[in-house]
Asker: 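Take a look at the following structure, please.
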2 protein chains.
Amino acid sequence: MPYAERRAQILKKATELFAEYGLTAQTRALAAECGISQRLLYRFFPTKEDLLREVYDTAIVGPFQAVWFAELSDRNRPMHDRLTKFYNDYLDAVLGRRWLRLFLYSSLAEADMAPNYISSIITKLTETIVAETAHERGMKLDMEQEAVHEVGWTIHGAISHYAIRRHIYRASHVIPQDMVVAMHVRVFLSGFDSIVSQFERVER
Amino acid sequence: MPYAERRAQILKKATELFAEYGLTAQTRALAAECGISQRLLYRFFPTKEDLLREVYDTAIVGPFQAVWFAELSDRNRPMHDRLTKFYNDYLDAVLGRRWLRLFLYSSLAEADMAPNYISSIITKLTETIVAETAHERGMKLDMEQEAVHEVGWTIHGAISHYAIRRHIYRASHVIPQDMVVAMHVRVFLSGFDSIVSQFERVER
DNA sequence: TTTGTTTGTCGTCAATTGACGACTTATGTC
DNA sequence: GACATAAGTCGTCAATTGACGACAAACAAA
């Protein structure tokens, strides 16, 4: 099998394995999964840690679609629709079992990867959501950056936790996903004015 | 050192160790932490797994205060106060770094412990919160049990995720905790009517 | 055919790790 | 003192695990 193809196969299987059994999953299990000898892995990745890093970059940071920022900022559509669309897509493309497990394992392992994802993507995301919601209502935001993030986290955290509940805690999920998204979007939009005013009052 | 005392010490150190380094932390490290030989551990716990189970029972299920149910059902106080009080207490007593790390490690390890905690405690909690909120507003709830849980999870998930963000992702937390709680309680209460009506309409 | 490069395996090393048999030391108790 | 029970250590075994040197097979190019 040619170099690139084999490498891609290993990376894919490694992603599945680490997501399932944690970052301590063994290289021998990975080799067996690929149908190759354990020694061959080391022709493609110098150490297990290099492999882990690459798994993280492709499987955690990769799935986020840059186009989502554009869609969330499309002022021709009502914020309610934009949020509903975004979070349904985000749940499907990112917050699946594999992504969540990898992300949590990495975060717990201290491997300051999660902070990277958070600071590089989610920070911008919460800012966008809050700014766009405020704009739609003709509000002029006057609060600390940290408060903006906290407001954005209300909906993002609630939906992320729904995914954790579903995929990690294996809670039953009889209520269909789009209905859950609809609920959270509704709660967020209906409570938005009052939470913003809370922060504006206090943070001045 | 007497039997009971030594055993308690081991249990405590084991909790710290497993929370920090995961359920794969080594018995030798634990022994060193206790200042005893590794062999001695096996006089108190037959296997590592027995130790793990006991750590889980005392450190995960233990911290939940039964009195919280009574407080949440105290109809002499407005729901807003009850929720604010409860979630500040819950964040302090349960959702700390140690508890969260243990809980997540256990959940990821498939060790169907998390489902236990969820089904035995959180299920009842969400039911109480939703029922009490509805009662305060003179509403008669008519929706599926699963929908009730989902409604309760909006606030419980949002606050749990705030704790995860803070302790696991190590996101900066400039906004003081009581202000975050206030925000989530406010969002929940102001959105409550509309989400309930959403489920009632659809679930019939 | 020869030669060099790529693709791949075998076997092994050193460190780690859960578990435990055998033994030692301390603390009463009659 | 004698003797039992509790508290504790030493050393080791077998299995696991990341890493790698040495060698074999496939294959293209001259």
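Just so it is clear, the values below take in all heavy atoms, side chains as well, and ignore hydrogens, waters and symmetry mates.
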Asker: Counting only heavy atoms not in Y21(B) (residues, nucleotides, ligands), do more than 12 fall under 6.0 Å from its OH?
Answerer: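 Incorrect, the count does not exceed 12.
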
Asker: With a 3.5 Å cut-off and no angle check, do the side chains of R75(B) and H135(B) form a donor-acceptor pair?
Answerer: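 Yes - a donor-acceptor pair under 3.5 Å links their side chains.
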
Asker: Any chance the side chains of Q65(A) and E71(A) put a donor and an acceptor closer than 3.5 Å?
Answerer: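 Checked: Q65(A)/E71(A) side chains show no N/O donor-acceptor pair below 3.5 Å.
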
Asker: Give the B/S/- string for nucleotides 10-23 of chain C, one per nucleotide from 5' to 3', where a protein heavy atom under 4.0 Å of the base yields B, of only the sugar-phosphate yields S, and otherwise -.
Answerer: B-B----BBBBBB-

Asker: Would you call the rings of H161(A) and Y169(A) parallel, tilted or perpendicular, where under 30° means parallel and over 60° means perpendicular?
Answerer: perpendicular

Asker: Classify the ring geometry between W99(A) and F103(A) as parallel (under 30°), tilted (30 to 60°) or perpendicular (over 60°).
Answerer: parallel

Asker: Please list all pairs meeting salt bridge (charged side-chain N to carboxylate O under 4.0 Å, His left out) that have one or both residues in residues 35-52 of chain A, counting only residues at least two apart or in different chains.
Answerer: E49(A)-R53(A)

Asker: Can you sort out which residues in residues 1-14 of chain B have a heavy atom within less than 4.0 Å of DNA chain D? Ascending by number, please.
Answerer: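 Of all residues in residues 1-14 of chain B, the ones placing a heavy atom under 4.0 Å from DNA chain D are M1(B), P2(B), Y3(B), R6(B).
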
Asker: With a sphere of 6.0 Å drawn around CZ of F69(A), does it hold more than 12 non-hydrogen atoms of other residues, nucleotides or ligands?
Answerer: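 Count over threshold, so yes.
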
